[in-house]
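Notes to accompany the following structure.
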Amino acid sequence: MAKKQVMTALAALEAHRVEMGHQRVVDLFAADPGRFERLSLRLGDLLFDYSKHRLNDATLAHLITLARAAGLEEKREALFSGARVNNTESRPALHMALRNFSGKAVQVEGRDVMPDIFAMREKLYGFARAVRAGELRGSTGKPFTDVVNIGIGGSDLGPAMAARALSPFAKKGLTTHFVSNVDGADLSDTLEKLDLSTTLFIISSKTFTTQETMTNAQSARARVAAVLGEAAVGDHFAAVSTKLDLVEKFGIRAERVFGFWDWVGGRYSLWSSIGLALAIAIGPEHFDDFLRGGHEVDDHFCNAPLQENIPVLMGLIGIWYRNVWGFGSHAVIPYDQRLARFPAYLQQLDMESNGKSVTHDGALVSFATAPVIWGEPGTNGQHAFFQMLHQGTDVIPVDFLLAAEPVAADAHHHDLLVANCLAQSEALMCGRSRHEVESLLRKQGLSQAQIAELAPHKVFAGNRPSSLFLYHRLDPRMLGRLVALYEHKVFVQSAVWDINAFDQWGVELGKELCNRLAPIVADDKADTSSLDGSTAGLIEYRRALRSSQ
Ligand code: F6P
């Protein structure tokens with residue numbers, strides 16, 4: 001029934017798009033001086049401007065109808081009440097409990113999990129304070145100067161992104177590093193510049209079985225044992241995991257092990273003990289602010305009416321473009337160098353969550369799901385891929401992220417940064433018509449023949465959509481808000497598409513095949529005849545390369 005209603009709502013949106021035809025956003029602004037006020041929302045000092053999108057009141061009404069047809073409100077209720085929304089793994093997805101400051105209980109299988117969360121957070125904060133204060137020291141008695149987080153995916157991207165974003169809030173003299181890739185260069189390039197006697201390693205892995213993380217962890221352990229002695233290992237390692245038995249086997253002391261729970265998905269785990277490296281860097285008070293920012297968004301997501309709900313609109317506008325206009329990618333461009341890893345973080349959040357082809361009950365989806373998420377900070381992107389955003393054949397909706405004021409950076413630079421960001425979103429929307437180009441060229445004194453030759457290259461179609469998030473400063477609370485907004489946007493889309501945003505079976509096959517190939521790759525004499533022709537050929541060619549010279 002719900003599916004039928006969703007298809008009906010999508011069909012109505014399709015008809016509405018045809019009706020809208022080639023209506024231009026600049027004309028919508030001209031006809032409605034209050035458009036910016038009406039089509040922007042606030043959450044504290046954060047302003048979400050969605051006025052530059054190809055939409056009007058009717059579009060929004062259709063999108064809200066779609067959300068209701070998909071049961072978004074009921075699904076949100078199920079998410080927050082701890083229902084097993086991750087049906088293929090039979091688990092709730094309750095990362096919001098980790099940032100719950102409401103004072104209310106959060107039940108998992110009839111048990112309030114808040115006391116466990118508070119206890120774990122206290123342990124984590126105690127450890128972070130001791131490292132920061134130099135009370136907790138390495139085996140030679142020196143305080144730690146460097147913290148290396150070893151993890152991958154959700155056990156890396158979140159803390160790595162946030163540590164960079166919040167670097168002005170980090171303790172001086174204590175540097176955080178992130179090693180994720182099984183490529184040995186990642187670990188060795190990181191360790192090359194470090195003094196192991198003042199280095200603390202945090203092994204972050206929900207499952208404590210991930211090949212890349214365990215390989216890096218074993219190599220780091222071997223290095224510490226070789227340089228400082230086997231007895232030093234206990235002083236230089238801590239771990240974050242849900243698999244406490246496996247951590248114990250690795251040899252990490254219980255007081256340095258920080259657990260979390262299987263109802264926290266990897267890509268939603270930055271709020272949990274996985275944030276340990278971040279908490280050490282910025283300190284418990286700032287980490288708490290980060291959590292509070294996330295909680296504010298939960299509150300907003302649960303209580304604001306759908307048409308005034310920022311993550312709901314983010315999700316629905318994304319669906320408008322993905323499913324009705326057929327746009328296949330979505331760019332996130334922070335005008336903030338310290339948010340350089342935010343697009344990569346969002347790639348896992350969005351594409352691992354919603355990159356699915358079947359619905360909750362295993363039926364093939366009838367429409368496109370997750371778009372490609374990508375991006376780089378402005379202004380650098382302007383000198384790389386913005387050409388395509390402005391004049392390419394694909395329309396790519398953009399999210400711009402911008403702070404009104406910098407944190408620990410030059411104000412004059414920041415004015416230029418702001419001007420660049422606003423100019424790009426303006427240029428995308430307004431474009432430059434053939435008529436405008438021709439009159440500009442005429443003013444420059446070009447001949448009619450020259451104008452005819454040059455003009456087509458200088459035309460900007462415009463009407464290219466973007467959202468802009470404008471906030472006071474990028475501080476821990478704001479980062480918490482931004483992350484939670486995107487988390488709920490992803491959930492909104494999964495609700496409309498009826499897909500499970502909390503599993504990730506698509507990463508399994510590659511892992512399995514790698515385990516099968518690893519011994520064949522490592523042994524030059526191993527038989528490749530059971531492999532497909534291409535894989536066998538590539539392995540043979542590598543063997544030939546290695547045995548040449
Ligand atoms: O990429 C697959 C994945 O399972 C992610 O979902 C997860 O964030 C990552 O691997 C790391 O997993 P773990 O924390 O268990 O090492």
Side-chain angles (χ1 to χ4, degrees), residues 85-95 98 120 124 148-163 178-183 186-187 201-221 237-250 252 257-279 341-356 369-370 372-373 483 486-487 490-491 494 499-515:
V85 290
N86 179 353
N87 64 316
T88 64
E89 294 178 303
S90 194
R91 290 172 189 165
L94 267 177
H95 43 281
L98 301 161
M120 185 51 70
L124 187 100
V148 179
N149 184 81
I150 296 180
I152 197 164
S155 301
D156 165 74
L157 286 162
M161 173 279 291
F178 294 86
V179 171
S180 53
N181 201 325
V182 75
D183 181 344
D186 200 3
L187 183 68
F201 292 89
I202 302 172
I203 315 300
S204 294
S205 175
K206 181 175 172 183
T207 55
F208 227 70
T209 54
T210 304
Q211 182 209 59
E212 295 93 325
T213 300
M214 298 328 295
T215 305
N216 279 322
Q218 291 295 355
S219 297
R221 190 189 194 288
F237 279 82
V240 180
S241 186
T242 58
K243 297 287 183 243
L244 304 185
D245 48 335
L246 298 181
V247 178
E248 197 187 328
K249 270 194 205 144
F250 187 89
I252 297 176
V257 179
F258 304 90
F260 60 113
W261 303 274
D262 68 0
W263 41 262
V264 182
R267 54 194 172 274
Y268 300 88
S269 62
L270 171 57
W271 316 96
S272 73
S273 307
I274 289 290
L276 177 60
L278 177 67
R341 295 293 287 158
F342 195 58
Y345 171 76
L346 293 183
Q347 283 178 330
Q348 189 200 16
L349 176 62
D350 200 314
M351 293 157 80
E352 194 166 86
S353 295
N354 284 346
K356 316 277 166 70
T369 60
V372 176
I373 303 290
V483 172
Y486 278 95
E487 282 180 356
V490 166
F491 175 75
S494 74
I499 56 180
N500 180 355
F502 302 109
D503 62 9
Q504 57 284 318
W505 299 107
V507 297
E508 292 304 318
L509 178 60
K511 284 187 194 172
E512 205 180 301
L513 296 189
C514 177
N515 287 338

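Whatever order the structure lists them in is the order used to number ligands and atoms, beginning at 1. Basis for what follows: all heavy atoms, side chains included, without hydrogens, waters or symmetry-related copies. Numbering starts at 1 and runs along the sequence shown.
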**Study point:** Nearest non-hydrogen protein atom, atom 6 (O) of ligand 1
**Key:** E352 OE1, 2.7 Å

**Study point:** Heavy-atom side-chain proximity of W271 to V264 below 4.5 angstrom
**Key:** no

**Study point:** Non-hydrogen side-chain atoms of H95 and F260 separated by less than 4.5 Å
**Key:** no

Review point. Counting only heavy atoms, which portion of Q504 has something under 4.0 Å from ligand 1: side chain, backbone, both, or neither?
Key: side chain

Practice item. Kindly indicate whether the side chain of W263, heavy atoms from C-beta on, has any atom under 4.5 Å from the side chain of Y268. Key: no

Revision key, fill the gap. In this structure, atom 2 (C) of ligand 1 is nearest to the protein heavy atom V507 CG2, 3.5 Å

Check your understanding: Can you find a heavy atom in the side chain of S269 that is under 4.5 Å from one in the side chain of K206?
Key -> no

Check your understanding: Side chain of N149, backbone of S155: donor and acceptor closer than 3.5 Å?
Key -> yes

Practice item. For Q348, take its heavy atoms, then give the atoms of ligand 1 lying under 4.0 Å from any of them. Key: 5 (C), 6 (O), 7 (C), 8 (O)

Review point. Would a 4.5 Å heavy-atom cut-off, applied to side chains only, mark N500 and V85 as touching?
Key: no

Check your understanding: For atom 13 (P) of ligand 1, which protein heavy atom lies nearest, and how many Å away is it?
Key -> T210 OG1, 3.3 Å

**Study point:** ligand 1 to G154 polar contact by distance, N or O atoms, under 3.5 Å
**Key:** yes

Exercise for review: Tell me which protein heavy atom sits closest to atom 4 (O) of ligand 1, plus the residue, atom name and distance to 0.1 Å.
Suggested key: K511 NZ, 3.9 Å

Revision key, fill the gap. Checking Q347, Q504, Q348 against R267 for side chain to side chain donor-acceptor pair (under 3.5 Å), the one that qualifies is Q504

Check your understanding: For atom 15 (O) of ligand 1, what is the nearest protein heavy atom, given as residue, atom name and distance?
Key -> T207 OG1, 2.6 Å

Review point. In Å and rounded to the nearest 0.5 Å, what is the CG to CD distance from D262 to E89?
Key: 8.5 Å

Review point. Any N or O of T213 that comes nearer than 3.5 Å to an N or O of ligand 1?
Key: no

Practice item. For atom 11 (C) of ligand 1, find the nearest protein heavy atom and state the residue, atom name and distance (0.1 Å precision). Key: I152 O, 3.2 Å

Study note, to complete from the structure: For atom 14 (O) of ligand 1, the closest protein heavy atom turns out to be S155 OG, 2.6 Å

Point to revise | S204, any N or O under 3.5 Å of ligand 1 N or O | key: no

